[in-house]
Amino acid sequence: MPIRKKLIGRIVDSLLDKYVIRKPPVAVESIAKKQGLQIRFQPLESNLSGFIFRDKQAAIIGVNSTQAKVRQRFTIAHELGHFLLHQNDNLLVDRVLVKLRSGSSNKETDIQEIEANYFAAELLMPRCLIAKDLDHIGPIDIFDEDFITNLAKRYDVSTQALVLRLNGLGYIEH
Ligand SMILES: [Zn+2]
């Protein structure tokens with residue numbers, strides 16, 4: 001079963017539009033709050049990155065505050081993705097070693113994780129902003145550490161997340 005890339009792209013575009021986001025870094029915490037989510041930063045077990053809990057009264061994102069800030073931003077975006085895409089569970093707990101496979105899978109939970117990660121990458125590194133930054137430079141040299149580090153800082157994401165995203169968008173030559 002493939003993930004719903006078009007749907008996710010449309011949802012992210014409407015959020016970027018609604019909150020008038022025209023340059024990085026994307027204010028993910030503020031977007032999540034405006035979407036009605038509460039965010040709790042707290043130390044969690046080291047193998048957990050976060051969770052989302054919801055019932056009729058409230059929806060709460062828990063973020064492991066012991067992790068790096070860029071990781072916490074990714075967690076908020078990932079949980080917001082679950083909130084907007086996956087309404088079936090009251091509690092979803094995310095472990096650190098979330099598989100980043102992008103291929104298709106038949107397991108419902110795997111698909112949900114891949115979709116939430118895809119949503120997070122689309123939201124934190126919007127394709128339109130990346131295009132504005134990179135389209136005039138041509139293919140990226142991923143071994144240019146300064147370039148990658150600076151771009152990751154600009155979007156307030158990890159270099160690992162950035163490289164995956166650039167690869168997914170076809171900016172890296174193979
Ligand atoms: Zn998840």
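We count ligands from 1, going down the list as the structure has it; atoms in each ligand are counted the same way.
Taking the Zn ion (ligand 1) as reference, His82 places its N/O/S atom NE2 nearest.
The Zn ion (ligand 1) forms the vertex of an angle spanning OE1 of Glu113 and NE2 of His78; to the nearest 10 degrees it equals 90°.
The residues Glu122 and Arg165 are annotated as salt-bridged, a charged nitrogen and a carboxylate oxygen being separated by less than 4.0 angstrom. Electrostatic pairing of Lys69 and Asp156 does not count as a salt bridge here, judged by no charged N lying under 4.0 Å from a carboxylate O.
Note on ring orientation: taking the six-membered ring where Trp is involved, the planes of His82 and His78 are perpendicular (angle over 60°, cut-offs 30° and 60°).
For the Zn ion (ligand 1), the N/O/S atoms of Asp94 include one lying under 2.8 Å.
Between the Gln42 side chain and the Ser65 main chain, no donor and acceptor come within less than 3.5 Å of each other.
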